Amino acid sequence: MRVMQILRCDPLHRAWLSARQSATAMGPAAQQVAALLDDGIGAPQAWAADLDPAETFICYGNDGPSQGAWAAENGVAAMNAPAILAAQIAAFRPDIVLLDAALTDLVVEARRAPKLIGFALHKNLAGAFERSITPGTLPSRTLDTPTAAPTWDVLCRAQVRKDAPTMFGTLAALSKAPLGLKGEFSIVYHLMAEAPGDLPAGLAVHDRGALYGRTFREAAATARLIVDMEDGAPVATRVDRLAELQAIGAVVLAETGPAIACLSGLTTFTTAEQLIQLVYDLLRDSPRREALRSSGSRGPSPSRTEILAALTTL
């Protein structure tokens, strides 16, 4: 059974990785795909990576560099995403296509295969497909789980924009909290800012710059609590990053937003006051913290047999 999987690439993660691994992340198409997978982009749902390599083809449908490299290597003149995907399907002739359900612009081309299966951590997205893999259908694959001694009490990664004053206010309030009467705690931010020099001083003093993928997971392992903000990321992107944090056993404090309904086991907040109270409560309550960590951890990756069985029965 020939399986083709079309993954979705987070452009911000991609740009960050390309800047740091230009030799691998901008080389031949297969090398680029391997580098993206290795750093965790789409990896929790990349079931085809665990199947027979001779019977599988994996690509990132919305990733211009790797798809463009494949087109150049295979003599495909068209450089738009649907046309390249059509050429890949024609070349590989898959029996089944697995398509990230957020890539709605590629559905028409993906239907060229005998069977199209949409997949997502977000049930509402995959529900638009006749056949779909949603939470509970097939377990997500596990990611590397770094272990490290805690260095920070609180770590927050977020994309910050000038048109998001509420987020600035929440992060500023969190920064000031250790100076109050309730006690000190340590904070580190990893902020993706349009202009890092424009960050308010109260945030800049804690900021260590943007992090993604394996490097971010290593950093997250050093924090007792992870704060995840509703920062304007697409719903599917935020669902993926929250699931990634749960997969490594992080204790996540997540701001309420559309993505929250897609996952279970999250501790949520709406206001800066609620967030700060949660931080103090959980830092003082180690057993509760460990219970939250255990409830969010994923089980083992599905076996090749389980993957094939799920694909053939859908």
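Computed over heavy atoms, backbone and side chain alike; hydrogens, waters and symmetry mates excluded. Worth saying up front: this structure is predicted, and the values here are computed from it rather than measured. Heads up: numbering here begins at 1 and tracks the sequence.
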How far does [atom1] of [X] sit from [atom2] of [Y], to the nearest 0.5 angstrom?
X      : Y      : atom1 : atom2 : result
Leu138 : Ile117 : CG    : CD1   : 9.5 Å
Leu292 : Thr267 : CG    : OG1   : 4.5 Å
Leu17  : Asp39  : CG    : CG    : 4.5 Å
Ile248 : Thr142 : CD1   : OG1   : 12.5 Å
Leu203 : Phe168 : CG    : CZ    : 6.5 Å
Leu155 : Leu225 : CG    : CG    : 10.0 Å

N/O donor-acceptor pair under 3.5 Å between [X] side chain and [Y] backbone:
X      : Y      : answer
Lys115 : Leu314 : yes
Trp47  : Pro139 : yes
Thr313 : Ala309 : yes
Gln21  : Ser18  : no
Arg293 : Ala250 : no
Arg238 : Pro234 : no
Gln274 : Thr270 : yes
Glu255 : Glu230 : yes
Arg8   : Gly61  : no
Arg289 : Leu283 : yes

Is there a chain of hydrophobic side chains (I, L, V, M, F, W, Y, each step under 4.5 Å between heavy atoms) that links Val160 to Val205?
no

Single-linkage hydrophobic cluster Leu12~Leu242, side-chain heavy atoms < 4.5 angstrom
yes

Between [Y] and [X], is there a side-chain heavy-atom distance shorter than 4.5 Å?
X      : Y      : value
Val107 : Leu99  : yes
Gln45  : Arg141 : no
Gln246 : Leu266 : yes
Asp240 : Pro44  : no
Ile276 : Glu273 : no
Ile226 : Arg157 : no
Met4   : Leu85  : yes
Leu199 : Asp207 : yes

Any pair counted as ring-ring contact (aromatic ring centres under 6.0 Å, His included), so long as it reaches residues 74-114, sequence neighbours left out
Phe57-Phe92

Could you work out, with side-chain contact (heavy atoms from CB on, under 4.5 Å) as the rule, every residue matching [X], not counting sequence neighbours?
X      : result
Leu308 : Met1, Leu51, Arg304
Ala34  : none
Pro114 : none
Ala83  : Ala78, Asn80

Does Arg214 pair with Asp38 as a salt bridge, N-O distance under 4.0 Å?
yes

Of the non-hydrogen atoms in [X] and [Y], which two are nearest, and what is the gap between them?
X      : Y      : result
Ala110 : Ile89  : CA-CD1, 3.8 Å
Asp144 : Pro146 : O-CD, 3.3 Å
Ile41  : Cys9   : CG2-CA, 3.8 Å

Asp63 vs Ser66, test: side-chain hydrogen bond (donor to acceptor under 3.5 Å, both in side chains). Steps then yes/no.
CA-CA 6 Å; Asp63 182 52; Ser66 61; 2.6 Å; yes

Apply salt bridge (charged side-chain N to carboxylate O under 4.0 Å, His left out) to [X] and list each qualifying residue two or more places apart in sequence or on a separate chain.
X      : answer
Arg112 : Glu109
Arg241 : Asp228, Asp231
Asp105 : none

Does the pair Leu7 and Leu98 meet the rule for a side chain to side chain contact (heavy atoms under 4.5 Å, CB included), with working shown?
CA-CA 8 Å; Leu7 299 166; Leu98 304 178; over 6 Å; no

Where do Thr268 and Thr256 land on the side-chain hydrogen bond (donor to acceptor under 3.5 Å, both in side chains) test, with the steps shown first?
CA-CA 6 Å; Thr268 62; Thr256 55; over 6 Å; no

Derivation of the side chain to side chain contact (heavy atoms under 4.5 Å, CB included) call for Val279 and Leu275
CA-CA 6 Å; Val279 167; Leu275 170 61; 4.1 Å; yes

Taking side-chain hydrogen bond (donor to acceptor under 3.5 Å, both in side chains) as the definition, give me every residue that meets it alongside Thr134, ordered by chain and number, with sequence neighbours left out.
Thr137

Would Gln88 and Gln67 count as a side chain to side chain contact (heavy atoms under 4.5 Å, CB included) if you check the C-alpha gap in whole Å, the side-chain angles of each, and the deciding distance to 0.1 Å?
CA-CA 10 Å; Gln88 290 172 323; Gln67 289 294 81; 2.9 Å; yes

Can you list every pair that meets side chain to side chain donor-acceptor pair (under 3.5 Å) and has a residue in residues 51-62, with sequence neighbours left out?
none

Can you tell me if CZ on Arg93 sees more than 12 non-hydrogen neighbours from other groups inside 6.0 Å?
no

Those residues that, when tested against Trp152, pass ring pair (Phe, Tyr, Trp, His ring centres under 6.0 Å) (two or more places apart):
none

List the atom pairs, with distances to 0.1 Å, where a side-chain N or O of residues 180-193 and a protein N or O form a donor-acceptor pair under 3.5 Å, not counting sequence neighbours.
from	atom 1	to	atom 2	distance (Å)
Lys182	NZ	Gln277	OE1	2.7
Ser186	OG	Asp153	N	2.9
Ser186	OG	Asp153	OD2	3.4
Tyr189	OH	Leu171	O	2.8
Tyr189	OH	Ser175	OG	3.1
His190	ND1	Gly209	O	2.8

Run the numbers on Val3 and Asp95 for side chain to side chain contact (heavy atoms under 4.5 Å, CB included), then give the verdict.
CA-CA 6 Å; Val3 178; Asp95 300 304; over 6 Å; no

